[in-house]
Amino acid sequence: MHEKFIVQIDASHCTSIVEGVAHFGRDYGIDCWRYRNLQFESGKIYGLIGEYGHGCMYLSYLLGGKINFDDLKIYLNGTRIVRSDLERISWNLEPNRQFYGKKVVKKAIESACKKNKLESGFAEIQEKFCLTSKRENMKLKNLSGERWRASAAVGFAEKKKIFYAPYETSTFYYDMCGSTLLKALRELTDKGAMVVLPAGSDDFLKYIADECIFFKRDYDIDRLRQRYQELFQKGDWIL
C-alpha cells in the first residue's frame with residue numbers, strides 16, 4: 001500500500017531548549033518537548049513514553065502536522081517538508097473532534113475505497129480491522145472500544161501514512177488491545193504505515209511497540225529535596 005519512508009527531525013538549529021504550548025482537541029493543556037534529533041521509519045509502531053506535559057503528545061501531534069515546526073527542520077526521505085506535507089499524509093486514531101468523526105463507518109470506508117481506487121472493498125477492510133456489522137452504520141465518534149479500529153480502517157482506505165494519537169495511559173492501551181486494537185495497528189504497519197502512541201509509561205506498550213522513545217523529566221527532584229533540607233536546617237521553613 002505504502003512505499004517505505006523515513007521521517008527525520010533535525011533539532012540542531014533550535015534556539016530554545018523547551019518550546020511549545022499547544023491545544024489537542026479534548027486534551028487542552030501545555031505540552032512541552034525538549035528538542036532532540038529523532039528518526040522514524042515506516043512499518044513500525046512507536047511508543048512515546050513520558051509524563052503528561054513532557055512532550056510525548058506534542059511530538060505525536062507534530063508528526064501529525066498539527067503543530068508549527070518553529071526552528072525544527074523535518075525531512076521525509078531526505079527532502080525537507082513543511083507542516084502541511086505532514087498533515088496531508090497523517091491520520092488521528094482518535095476521531096473525536098476530527099472532521100471525520102462525524103462520518104458513518106461503512107459509508108466513509110466505501111467512499112475512500114472508491115476515491116482512491118483500492119482493490120480492497122468494505123467487506124475485506126471490515127474483516128481486517130475487526131469491525132462489527134452492528135456498528136457499521138454508526139458515526140466514528142459515537143463508537144467505544146471499536147472507535148480506534150474504525151478510525152484506523154478509514155485512514156487505511158484514505159491511504160494515510162502516519163497514524164498518531166493523543167496522550168493515553170497504559171491501561172487504555174491494555175483495554176483497547178484487549179479488544180483487538182493491536183491487530184488493526186499491525187494491519188497498518190504491515191502495509192508500510194507508521195504508528196505513534198503517546199503514553200504515560202511503557203508498562204504495556206513495550207510489549208506491542210517496535211520501539212519506545214522516552215521523555216525524561218525536566219525537573220531536578222534531588223536538588224529540590226536538598227533545598228528544602230537546607231531551609232529546614234536554617235530555620236527558614238515557612239508553614
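Because the structure is a prediction, the values reported are computed rather than measured.
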Report summary line: Here the pair of heavy atoms bringing Ser151 nearest to Tyr100 is OG-CE1, 4.0 Å

Query raised in the report: Linking I/L/V/M/F/W/Y whenever their side-chain heavy atoms sit closer than 4.5 Å, directly or via other members, would Val104 and Phe122 fall into one cluster?
Result: no

**Report entry** Flag side-chain contact, heavy atom, 4.5 Å: Ile162 against Phe40
**Finding:** no

Query raised in the report: Would a hydrophobic clustering, with Ile, Leu, Val, Met, Phe, Trp and Tyr connected at side-chain separations under 4.5 Å, put Val7 with Ile81?
Result: yes

Using residues 194-203 as the side-chain source, report each donor-acceptor pair under 3.5 Å to any protein atom, sequence neighbours left out, with the distance given to one decimal.
| residue | atom | partner | partner atom | Å |
| --- | --- | --- | --- | --- |
| Ser201 | OG | Ser170 | OG | 2.7 |
| Ser201 | OG | Asp203 | N | 3.3 |
| Ser201 | OG | Asp203 | OD2 | 3.4 |

**Report entry** Over 12 foreign heavy atoms within 6.0 Å of CD, Gln39
**Finding:** yes

Query - Separation between CG of Leu143 and NZ of Lys139, rounded to the nearest 0.5 Å - result: 11.5 Å

Report task. Check salt bridge (charged side-chain N to carboxylate O under 4.0 Å, His left out) between Lys106 and all other residues, then give those that pass, not counting sequence neighbours. Result -> Glu136

**Report entry** Heavy-atom side-chain contact between Phe156 and Ile109 under 4.5 Å
**Finding:** no

Query raised in the report: Looking only at heavy atoms, which two atoms of Arg83 and Asn68 are closest? And how far apart?
Result: NH1-OD1, 2.8 Å

**Report entry** Pairwise side-chain contact, Val154 with Lys103, heavy-atom cut-off 4.5 Å (strictly under)
**Finding:** no

**Report entry** Contact check, side chains of Arg135 and Val105, non-hydrogen atoms, under 4.5 Å
**Finding:** no

**Report entry** Charged N-O contact under 4.0 Å between Asp190 and Lys183
**Finding:** no

**Report entry** Distance-minimising heavy-atom pair for Phe163 and Lys160
**Finding:** CE1-O, 3.5 Å

Query - Pairwise distance CG(Leu48) to CG(Leu63) - rounded to 0.5 angstrom - result: 7.5 Å

Report task. Identify, with sequence neighbours excluded, every residue that meets side-chain contact (heavy atoms from CB on, under 4.5 Å) alongside Thr79. Result -> none

**Report entry** Qualifying residues under salt bridge (charged side-chain N to carboxylate O under 4.0 Å, His left out), relative to Asp85, sequence neighbours excluded
**Finding:** none

**Report entry** Side-chain donor/acceptor of Ser120 to backbone N/O of Cys113, under 3.5 Å
**Finding:** no

Query raised in the report: For Glu94, which of Lys141, Arg147, Lys66 qualifies under salt bridge (charged side-chain N to carboxylate O under 4.0 Å, His left out)?
Result: Arg147

Requested in this report: Mind checking the CG-CD spacing from Leu140 to Glu146? Nearest 0.5 Å is all I need.
Outcome: 9.5 Å

**Report entry** Side chains of Leu181 and Leu93 in contact at under 4.5 Å (non-hydrogen atoms)
**Finding:** no

Report task. Measure across Lys4 and Asn77 and return the closest heavy-atom pair with its distance rounded to 0.1 Å. Result -> O-ND2, 3.7 Å

**Report entry** Phe214 with Leu205, same ILVMFWY side-chain cluster at under 4.5 Å
**Finding:** yes

Query raised in the report: Is Ser42 close to Lys161 at the side-chain level, that is, under 4.5 Å between some pair of heavy atoms?
Result: no

Query raised in the report: Within the side chain of Arg149, is there an N or O that forms a donor-acceptor pair under 3.5 Å with the backbone of Cys130?
Result: yes

Requested in this report: Quick one: pull up CD1 in Ile45 and SG in Cys212 and give me the separation to the nearest 0.5 Å.
Outcome: 10.5 Å

Report summary line: Between the CG atom in Leu131 and the CD atom in Gln126, the distance rounded to the nearest 0.5 Å is 6.0 Å

Query raised in the report: Can you tell me if OH on Tyr174 sees more than 12 non-hydrogen neighbours from other groups inside 6.0 Å?
Result: no

Query raised in the report: Does the side chain of Asn92 reach to within under 4.5 Å of the side chain of Tyr61, using non-hydrogen atoms?
Result: yes

Query raised in the report: Of the non-hydrogen atoms in Trp148 and Tyr173, which two are nearest, and what is the gap between them?
Result: CZ3-CE2, 3.6 Å

Query raised in the report: Can you list the residues that meet the side-chain contact (heavy atoms from CB on, under 4.5 Å) rule with Asn116, with sequence neighbours excluded?
Result: Ala112, Leu118, Glu158, Lys159

Report task. Indicate yes or no for a side-chain donor-acceptor contact from Ser60 to the backbone of Tyr164 under 3.5 Å, with no hydrogens or angles considered. Result -> no

Query - All salt bridge (charged side-chain N to carboxylate O under 4.0 Å, His left out) counterparts of Glu110, not counting sequence neighbours - result: none

Query raised in the report: About how many Å separate CG of Asn137 and NZ of Lys107, when rounded to the nearest 0.5 Å?
Result: 7.5 Å

Query - 4.5 Å side-chain heavy-atom contact, Phe5 and Ile89 - result: no

Requested in this report: Output yes when a side-chain donor or acceptor of Ser90 lies under 3.5 Å from a complementary backbone atom of Leu86, and no otherwise.
Outcome: yes

Report task. Taking all non-hydrogen atoms of both residues into account, name the closest pair between Lys44 and Asp210 and its distance. Result -> CA-OD2, 3.3 Å

Query raised in the report: Okay, side chain of Lys206, backbone of Glu211: is any donor-acceptor separation there less than 3.5 Å?
Result: no

Report task. Any chance you could lay out the side chain to side chain contact (heavy atoms under 4.5 Å, CB included) test for Leu62 and Phe69, step after step, and finish with the verdict? Result -> CA-CA 7 Å; Leu62 180 76; Phe69 292 178; 3.9 Å; yes

Query raised in the report: Can we call the ring centroids of Tyr167 and Tyr52 under 6.0 Å apart?
Result: yes

